[in-house]
Amino acid sequence: MLSLSSRITPENLFYIRNHFPYPNVDIRSWGLCIKGCVHREIYFRYDDLLKMPQVTLAVTLECAGDKRSLFYPKVRGEQWGLGAISHAVWMGVRLVDLLHLAGIQMNVREVTFEGMDKGVRTDMPGIFSYKRSLPLEHALNPDTIIALYMNGKPLPYRHGYPARLIVPGWYGMASVKWLHRITLIQEQFQGPFQVVDYVYNRNLLTSSSSNPVTTIRLNSTIARPLDQEVLAKGENWVSGTALSGEDPVVLVEISTDNGKTWFPTSWLELHEPYSWRRWSWKWHVNDSGTYDIKVRATDAAGNIQGDKADWNVKGYGYNAIQHIRVYVD
Ligand code: MTE
């Protein structure tokens with residue numbers, strides 16, 4: 001379920017996605033190390049980071065597997081409904097500032113980020129830590145930050161205390177929690193959370209056509225009413241969210257006749273880059289009956305959500321037009 005009483009998701013309702021058991025974090029011994037193809041390795045203690053210039057960014061995190069349960073044919077993995085998406089205000093240091101302190105060598109291609117959590121995978125032998133990479137160019141983006149605070153408080157343990165990467169506009173897998181090691185490399189990182197998971201693979205038998213999962217796809221969601229809800233005649237509100245990690249969403253429309261006619265909804269707040277935007281629409285319904293309600297979003301580039309999701313083996317990036325059915329008595 002999606003909670004939308006405020007733009008910011010209350011901490012107890014913020015979704016959580018972990019691949020491994022929680023790591024042990026002792027802040028007295030914790031440090032963030034920057035190494036690899038740098039001019040000097042640097043080690044930051046928590047207090048060092050707290051003393052550096054901080055930036056604040058509102059960013060919606062969405063798991064790449066959000067809405068996975070809606071794929072047909074069904075796919076393996078966490079059967080997320082609508083709820084693997086949440087919004088917070090993050091504060092921390094710019095990654096680019098730390099990288100410049102370390103000095104970037106020529107020919108660096110990617111930057112890897114390693115969390116403190118580790119464990120086994122079912123598909124290959126060995127112990128792995130949660131580790132991902134970003135192209136250098138994206139690591140240098142001033143909006144890529146190492147967050148130390150969430151909604152004005154030190155990062156909660158479950159969301160990556162003491163420090164996590166936040167990659168605005170990308171699906172959540174990129175925002176590595178419990179970060180303790182950053183490595184600059186000259187090649188493409190081949191870790192399993194980079195090349196086995198979080199790739200769009202459309203064929204069960206081959207992974208040759210796989211593209212990496214990166215930015216959040218254009219999407220909109222109805223939070224109220226719920227699918228199969230029974231409503232009273234008269235005035236009803238339809239409300240929800242819209243988000244895109246690329247071009248801003250400019251329009252959200254609702255249909256109550258299964259997509260034949262569409263009505264524009266109203267925004268509850270201004271556009272902010274990287275943030276979901278809530279919308280609502282007042283529905284006067286005079287006739288009892290069964291109604292098929294749909295929602296679709298359009299972005300500034302003219303892209304519009306389609307009826308079918310782009311099916312892929314691991315079920316990432318579901319963004320088909322959402323369809324619910326309600327009954328009016
Ligand atoms: N970072 C670490 N260290 N370990 C993880 O398992 N999961 C990733 C990302 N960062 C993960 C991680 C995934 S898949 C998502 S969707 C987000 O964290 C979820 O962040 P949250 O649990 O704070 O909502």
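In what follows, every heavy atom counts, from backbone to side chain, and hydrogens, waters and symmetry copies are set aside. Whatever order the structure lists them in is the order used to number ligands and atoms, beginning at 1.
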Asker: Looking only at protein heavy atoms, identify the closest one to atom 6 (O) of ligand 1 and say how far it is in Å.
Answerer: His19 N, 2.8 Å
Asker: Would you say Trp178 and ligand 1 have an N/O pair spaced under 3.5 Å apart?
Answerer: no
Asker: What atoms in ligand 1 come closer than 4.0 Å to a heavy atom of Asn18?
Answerer: 6 (O)
Asker: Assess the side chains of Glu253 and Thr265: does a donor N or O sit below 3.5 Å from an acceptor N or O?
Answerer: no
Asker: Distance to 0.1 Å, residue and atom name: give those for the protein heavy atom nearest to atom 7 (N) of ligand 1.
Answerer: Arg17 O, 3.2 Å
Asker: Give the single entry among Gly172, Ser175, Gly119 that approaches atom 15 (C) of ligand 1 most closely by any heavy atom.
Answerer: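 When every heavy atom of Gly172, Ser175, Gly119 is considered, Gly172 comes closest to atom 15 (C) of ligand 1.
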Asker: Give the numbers and elements of all ligand 1 atoms closer than 4.0 Å to a heavy atom of Tyr198.
Answerer: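 Close to Tyr198: 14 (S).
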Asker: If we ignore angles and hydrogens, is there a donor and acceptor under 3.5 Å between the side chains of His323 and Asp292?
Answerer: yes
Asker: Below a 4.0 angstrom heavy-atom separation, can you tell me which part of Arg164, side chain or backbone, both or neither, approaches ligand 1?
Answerer: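 Within the 4.0 Å criterion, Arg164 contacts ligand 1 through side-chain atoms alone.
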Asker: If you define the side chain from C-beta out and look only at heavy atoms, does anything of Ile127 sit under 4.5 Å from Phe20?
Answerer: no
Asker: Can Asp48 and Arg45 be counted as an ion pair, charged N to O under 4.0 angstrom?
Answerer: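 Yes, this pair counts.
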Asker: Give a yes or no on whether a salt bridge exists between Asp307 and Arg296, defined as a side-chain N under 4.0 angstrom from a carboxylate O.
Answerer: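 A salt bridge is absent here (no side-chain N lies under 4.0 Å from a carboxylate O).
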Asker: Should the pair Arg202-Asp310 be classified as a salt bridge under the 4.0 Å nitrogen-to-oxygen rule?
Answerer: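 Between Asp310 and Arg202 there is a salt bridge, with a charged N closer than 4.0 Å to a carboxylate O.
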Asker: Do Glu62 and ligand 1 have an N or O pair less than 3.5 Å apart?
Answerer: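 Looking only at distances, the answer is no, because the N/O contact criterion of under 3.5 Å is not met.
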Asker: Below 4.0 Å from any atom of ligand 1, is there a heavy atom belonging to Tyr171?
Answerer: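 Tyr171 does not count as a contact of ligand 1 under the 4.0 Å cut-off.
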Asker: Among Arg109, Glu187, Glu110, Gln188, which residue meets the side-chain hydrogen bond (donor to acceptor under 3.5 Å, both in side chains) test with Ser133?
Answerer: Glu110
Asker: Which ligand 1 atoms, with their elements, are less than 4.0 angstrom from a heavy-atom of Asp117?
Answerer: 2 (C), 3 (N), 4 (N), 5 (C), 6 (O)
Asker: Show the numbers, then the answer: is there a ring-ring contact (aromatic ring centres under 6.0 Å, His included) between Tyr171 and Tyr316?
Answerer: CA-CA 10 Å; Tyr171 281 113; Tyr316 299 127; 8.3 Å; no
Asker: What atoms of ligand 1 come within less than 4.0 Å of a heavy atom belonging to Cys63?
Answerer: 16 (S)
Asker: Identify, for atom 13 (C) of ligand 1, the protein heavy atom at the shortest distance, and state residue, atom and that distance.
Answerer: Met173 CA, 3.7 Å
Asker: Of the listed options (Tyr15, Trp80, Phe14, Tyr130), which comes nearest to atom 8 (C) of ligand 1 when hydrogens are ignored and any heavy atom counts?
Answerer: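 The option holding the nearest heavy atom is Tyr130.
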Asker: Under 6.0 Å from the ring centre and within 45 degrees of the ring axis: does the NZ or CZ of Arg164 meet both conditions for the six-membered ring of Phe113?
Answerer: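 No - Arg164 does not lie over the ring of Phe113 by the 6.0 Å and 45° rule.
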Asker: Taking distance alone, with N or O pairs closer than 3.5 Å, would you say Lys177 contacts ligand 1?
Answerer: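 Looking only at distances, the answer is yes, because the N/O contact criterion of under 3.5 Å is met.
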